[in-house]
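One structure is given below, encoded as structure tokens.
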Amino acid sequence: MAQYTRVSGSVGLITLQNPPVNALSAAVRQGIVNTVQRALSEPEVKSVVICGQKGAFCGGADIKEFGTNMSGPPLVPMIHAIESAVKPVVAAIEGVALGGGLELALGCHYRIAHSKARLGLPEVTLGLLPAAGGTQRLPRLIGVPAALDLITTGRHVTATEALQLGIVDQITDHNTVDVAVKFALSVAGQSLDSRRISSYPCPRHSDFDALFEAAMQKVHQSARGAIAPVACVQAVRAAATLPYSQGMEREKELMATLFTSGQARALQYCFFAQRAVGRWSMSSGARWDTSKPRPVHKAAVIGLGTMGRGIAVALAQAGLSVVAVETQEKQLIEAKQAVTGMLERGAKRRGVTPALDKITYSPNIQNVADVDLIIEAVFEDMALKEKVFKQLSAVCKPGTFLCTNTSGLDINRLASQTCNPELVVGMHFFAPAHVMKLLEVVYGPRSSPHAVATAMHLGKKIGKVSVAVGNCRGFVGNRMLKPYLEQALFLLEEGATPEQVDQALEEFGFAMGVFRMSDLSGLDVGWRVRKADGLVTSDATTGQQARIRQGHRYSPLGDLLCEQGRFGQKTGRGWYQYDKPGSRVAKPDPWLQNFLEEYRARHGLVVRRIDHQEVLERCLYSLINEGFRILEDGIAAGPEDIDVIYMFGYSWPRHRGGPMFYASMVGLARVLERLEYYHQAHPDVPSLHPSTLLRKLVANGSPPIHKWREVIKKLHSQL
Ligand SMILES: CC(C)(COP(=O)(O)OP(=O)(O)OC[C@H]1O[C@@H](n2cnc3c(N)ncnc32)[C@H](O)[C@@H]1OP(=O)(O)O)[C@@H](O)C(=O)NCCC(=O)NCCSC(=O)/C=C/CCCCCCCCCCCCC(=O)O
């Protein structure tokens, strides 16, 4: 809807009304069309102001409408009608002007923004382009290089940057609507010839060909197979090279291709999935809307290794007071230096003062006595963590939440070391903890709803995408990673090379294939875990027996590399070779080639040709299959939780929508059929055995992903 009022005698004020962000739904578009017509037809009205209700100008087209039969007036003619109006129209931008919202503002003759407003054309992040004239007006207004940057990245700019770029005419710290109305009064009756952006020539550039070639190269490199950024460059090129009306035709044509694409569906699913995970629920029935978080003003971090340092930085940057505890004197000094550097670099990037005074360092665990919440980040060793939890429980004040940054250990066991197990939850950060957006909040059987709500709330406060998950080995992310890694190793045994496996996964859209990723994270991490699990043995050396552990197929390849001291990038050797320890450029290693050949010969393994399709199916479908088991077990509340975890924690390509959404796009029947095929070929690999839930979903006619919860619920009620 849009409300019309007359203010200051001669200004028609149009207020968009569609909470919370005044998205341009059919009703809002109709409201704008009607009220603009009214304002233009009333002789008393000399100028018009468009604003949004409750401090938000407009969040753009209504994304919920995209999957429907769109009705109501289309945006392009609506914006043209505003631009060609003979009375000045002023956009009063508070809060956000995004996507169609900014395009609407660009159709106005003047734009006044509040200093705290954010503006942008984020359509690319939804698999689209700004198809309401954004790709044609913005380059005409601010020039091609700046427009390319905003349109291909979708980044939001502050009002100050928008003013510098020339997107807005004025910014204010006062009531934006009042300022806009005053301004509208001052420009009433003035010529609008120079105010219609569509009539501007696109600013020339010394070498458009080189500029667009470079832009295209850049998006190809960063898009990892996403098509929208490429279409955005093509649309801006049309603005630079064609008259406005032909550019608009090109924009429409490119949008038509994107609009119905699987990538757009995937990216729009991600948008809503990311918001849905905030609406968490626990198996006990506790939920986000019935569980109140407790305030956290002061927190402590125990253990200042890589993870602890990142967590301390993340907390301090969000304004919390932090007690950073490291009992090893040398490590404490090093950590203080490192954290200071991290805070200073981060502050420089963001143009703020480093939050150095937010952190106090201490070698003494007793100093956490007055904090509201503690995050333990000591070495990943159950006995050590149990000891720390026991100590913490004894020293902290009543009601302090005790969180662990374990990446997969049993939360319940740690809780049982404390006097108040209901205050214990997992806060699983991802390295580097001050950068990576994902936080798994892990609740055990005794964790209270308050503890989960507090950890989720804290996660949000420090800028994380927090997902509440149940307690099991590896939680969601690492549990699903296990079969993925396992398949990659089996593929090497059967004849593939690390380069080949990585290439298939990188072409799929991962930033890094599984072997390059393992080299980066360090092969010794998994080795330590496998040793603790009794999987690493030195007795059996050849034959099939050597490749069976605890009754299942097992590949000792990773263990054998570690025995050679090949821990990945940090040692300069792993699945690849590197120029020197710490170097990031991975090169194929002839040593590894020989090693694999010898290994296969020793174990009587017959090499065969493995294509990319098999690599993808075996690695991804086994991971997805585990995702179905996680849903079956109630560890994740819905497929959105898993997908968000994979997008934000494991660099799953967003335009593929996360593993569970990807499975729904491939077709559940197809995933099931391929898993059955591979399981038949590898009966000793349980992760290839199709899960009950997958079978059930297929038996139920493969419902769309938003209906899976109903099938899961039924399955749970049958168990
Ligand atoms: C920054 C935000 C705006 C606010 O953030 P925050 O304060 O943190 O709040 P959130 O939790 O994110 O959001 C609150 C709730 O609001 C919902 N929301 C937000 N934005 C939208 C929206 N645009 N539409 C619908 N709903 C929205 C959100 O889901 C939350 O709901 P809930 O509480 O969880 O229930 C932040 O929200 C944000 O970034 N929003 C998105 C901004 C954005 O991306 N905007 C661009 C949208 S796309 C667009 O504008 C495109 C315009 C081009 C024209 C399109 C023309 C389409 C038709 C063309 C058809 C041609 C093809 C023909 C094919 C054929 O031939 O058949």
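Throughout, numbering of the chain's residues begins at 1 and tracks the sequence. The basis for the numbers below is simple: all heavy atoms, side chains too, and nothing from hydrogens, waters or symmetry mates. Counting starts at 1 for both ligands and their atoms, following the listed order.
Here side chain to side chain donor-acceptor pair (under 3.5 Å) pairs that include residues 56-76, with residues two or more places apart or in two chains, are R29-E65.
Under the rule for a side chain to side chain contact (heavy atoms under 4.5 Å, CB included), the partners of Q274 that lie at least two apart in sequence or sit in another chain are V465, F648, R654. Here R656 pairs with nothing under the salt bridge (charged side-chain N to carboxylate O under 4.0 Å, His left out) rule; sequence neighbours left out.
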Give every pair formed by an N or O atom of ligand 1 and a protein N or O atom closer than 3.5 Å, one pair per line with both atom names and the distance to 0.1 Å, or write none.
residue	atom	partner	partner atom	Å
ligand 1	12 (O)	R275	NE	2.6
ligand 1	12 (O)	R275	NH2	3.1
ligand 1	23 (N)	G59	O	3.2
ligand 1	23 (N)	A61	O	2.8
ligand 1	24 (N)	A61	O	3.4
ligand 1	24 (N)	I63	N	2.9
ligand 1	34 (O)	R279	NH1	3.1
ligand 1	45 (N)	G59	O	2.9
ligand 1	50 (O)	A61	N	2.8
ligand 1	50 (O)	G100	N	2.8

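F430 and H428 have tilted rings, their planes meeting at an angle from 30° to 60° on a 0 to 90° scale.
Ring centers of F66 and F259: under 6.0 Å apart, within the cut-off.
With R111 contributing its side chain and I93 its backbone, the two residues share no donor-acceptor pair below 3.5 Å.
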